[in-house]
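Working notes, structure below.
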Amino acid sequence: MNSYRKELWFHINSRRGLVNITETVQEAVNESGIREGLVLVNAMNITSSVFINAIESGLHEDFEIWLEKLAPENPHGQYKHNKGLEQNADGHLKRTIMGREAVIAITLGRLDLGSWEQLFYYDFDGMRDKHALVKIIGE
């Protein structure tokens, strides 16, 4: 059994932002030399998410609208967490909804994703450096 670890760094220049990381994670699989195994990709910041879904017209905008209905950013005073230095309670809640990580099979050296599936990093409290962990195990 072999393992490989890599960190992906992001700096989203807005409050929220979504990045397709499918090819970047595939590059990590290529670097690892692992042909059969699993890759774990997880957000290493509590206000970010990693998830699998599609690139379809309007879908990412729909995520934004839906998440704002479930955990609106404003008014900041609606959240007890925002009584301190941070004003990011909504980001914590959005991360809980969207999830922390994704695990993907590796088959013949490729991410074994279904039709239309892509891997995304979503930051809910941007404008600072954040990262995700890529951990690959297999043969």
Exercise for the section: Determine yes or no for a side-chain-to-main-chain donor-acceptor pair under 3.5 angstrom, with N82 supplying the side chain and A89 the backbone. Expected result: yes

Practice task
Answer whether the closest heavy-atom distance between the side chains of R16 and E68 falls below 4.5 Å.
Solution key: yes

Problem - Centroid-centroid under 6.0 Å between F120 and H60 rings - result: yes

Exercise for the section: Using a strict cut-off of less than 4.0 Å between a Lys/Arg side-chain nitrogen and an Asp/Glu carboxylate oxygen, indicate whether D90 and R95 qualify as a salt bridge. Expected result: no

Handout entry: Transitive ILVMFWY side-chain link V19 to V25, under 4.5 Å
Key = yes

Exercise for the section: Give a yes or no answer on whether the side chain of Q78 reaches the backbone of P75 with a donor-acceptor pair at less than 3.5 Å. Expected result: yes

Problem - Donor + acceptor pair across side chains of D129, H11 (<3.5 Å) - result: yes

Exercise for the section: Rounded to the nearest 0.5 Å, what's the gap from CG on L67 to NZ on K94? Could you check? Expected result: 6.5 Å

Exercise for the section: Indicate, with yes or no, if V29 and L40 share a hydrophobic cluster defined by side-chain heavy-atom contacts under 4.5 Å among Ile, Leu, Val, Met, Phe, Trp and Tyr. Expected result: no

Practice task
Mind running side-chain contact (heavy atoms from CB on, under 4.5 Å) on H92 and H81 for me, showing each step along the way?
Solution key: CA-CA 10 Å; H92 289 272; H81 175 72; 3.5 Å; yes

Handout entry: Gap separating the CD1 atom of I97 from the CZ atom of F63, nearest 0.5 angstrom
Key = 12.0 Å

Exercise for the section: Applying salt bridge (charged side-chain N to carboxylate O under 4.0 Å, His left out), run through E101 and K135 and close with a yes or a no. Expected result: CA-CA 11 Å; E101 75 273 325; K135 182 71 174 188; over 6 Å; no

Exercise for the section: Could you state whether M44 and I12 fall into the same hydrophobic cluster, counting links through intermediate Ile, Leu, Val, Met, Phe, Trp or Tyr residues with side-chain heavy atoms under 4.5 angstrom apart? Expected result: no

Practice task
Specify the closest pair of heavy atoms between E7 and R5, including all atoms of both residues, with the distance to one decimal.
Solution key: OE2-NH1, 2.9 Å

Exercise for the section: Give the C-alpha distance, both sets of side-chain angles, the deciding distance and a yes or no for side-chain contact (heavy atoms from CB on, under 4.5 Å) between W116 and I55. Expected result: CA-CA 7 Å; W116 311 111; I55 301 175; over 6 Å; no

Exercise for the section: Consider only side-chain N and O atoms of Y122 and E64, and report whether a donor and an acceptor are under 3.5 Å apart. Expected result: yes

Exercise for the section: Measure the spacing between CD1 of I52 and CD1 of I104 and express it to the nearest 0.5 Å. Expected result: 4.0 Å

Exercise for the section: Verify the cluster assignment for F51 and L59: are they in a single hydrophobic cluster under the rule of side-chain heavy atoms below 4.5 Å apart? Expected result: yes

Practice task
Without swapping roles, check the side chain of E31 against the backbone of A28 for a donor-acceptor pair under 3.5 Å.
Solution key: no

Handout entry: Salt bridge E36-R110, side-chain N to carboxylate O under 4.0 Å
Key = no

Exercise for the section: Please report the closest heavy-atom contact between K69 and P72, naming both atoms and the distance. Expected result: O-CD, 4.0 Å

Handout entry: Shortest non-hydrogen contact between V50 and V41, atoms and distance
Key = CG1-O, 3.6 Å

Exercise for the section: Verify side-chain contact (heavy atoms from CB on, under 4.5 Å) between I106 and L38, making sure each step is shown before the conclusion. Expected result: CA-CA 5 Å; I106 301 167; L38 296 170; 5.9 Å; no

Practice task
Please answer: with hydrophobic residues joined when any side-chain heavy atoms are less than 4.5 Å apart, are F10 and L18 in the same cluster?
Solution key: no

Practice task
Mind checking the CE-CG spacing from M98 to L70? Nearest 0.5 Å is all I need.
Solution key: 10.5 Å

Handout entry: Residue pair S48 / Y121, side-chain donor-acceptor N/O under 3.5 Å
Key = yes

Practice task
To the nearest 0.5 angstrom, please state how far the CG atom of D125 sits from the OG1 atom of T47.
Solution key: 4.5 Å

Practice task
For the residue pair L93 and F124, establish whether any side-chain heavy-atom pair is separated by less than 4.5 Å.
Solution key: no

Problem - Note: E73-R15 ion pair, threshold 4.0 Å (strictly below) - result: yes

Problem - Distance, nearest 0.5 Å, that separates OG of S3 from CD1 of I137 - result: 8.0 Å

Handout entry: Audit row: V134, I136, side-chain contact (heavy atoms from CB on, under 4.5 Å) steps and yes/no
Key = CA-CA 7 Å; V134 177; I136 304 167; 3.9 Å; yes

Exercise for the section: Please indicate whether E139 has more than 12 foreign heavy atoms, meaning atoms of other residues, nucleotides or ligands, lying under 6.0 Å from its CD. Expected result: yes

Exercise for the section: Count the heavy atoms belonging to other residues, nucleotides or ligands that lie under 6.0 Å from CH2 of W9, then report whether that count exceeds 12. Expected result: yes

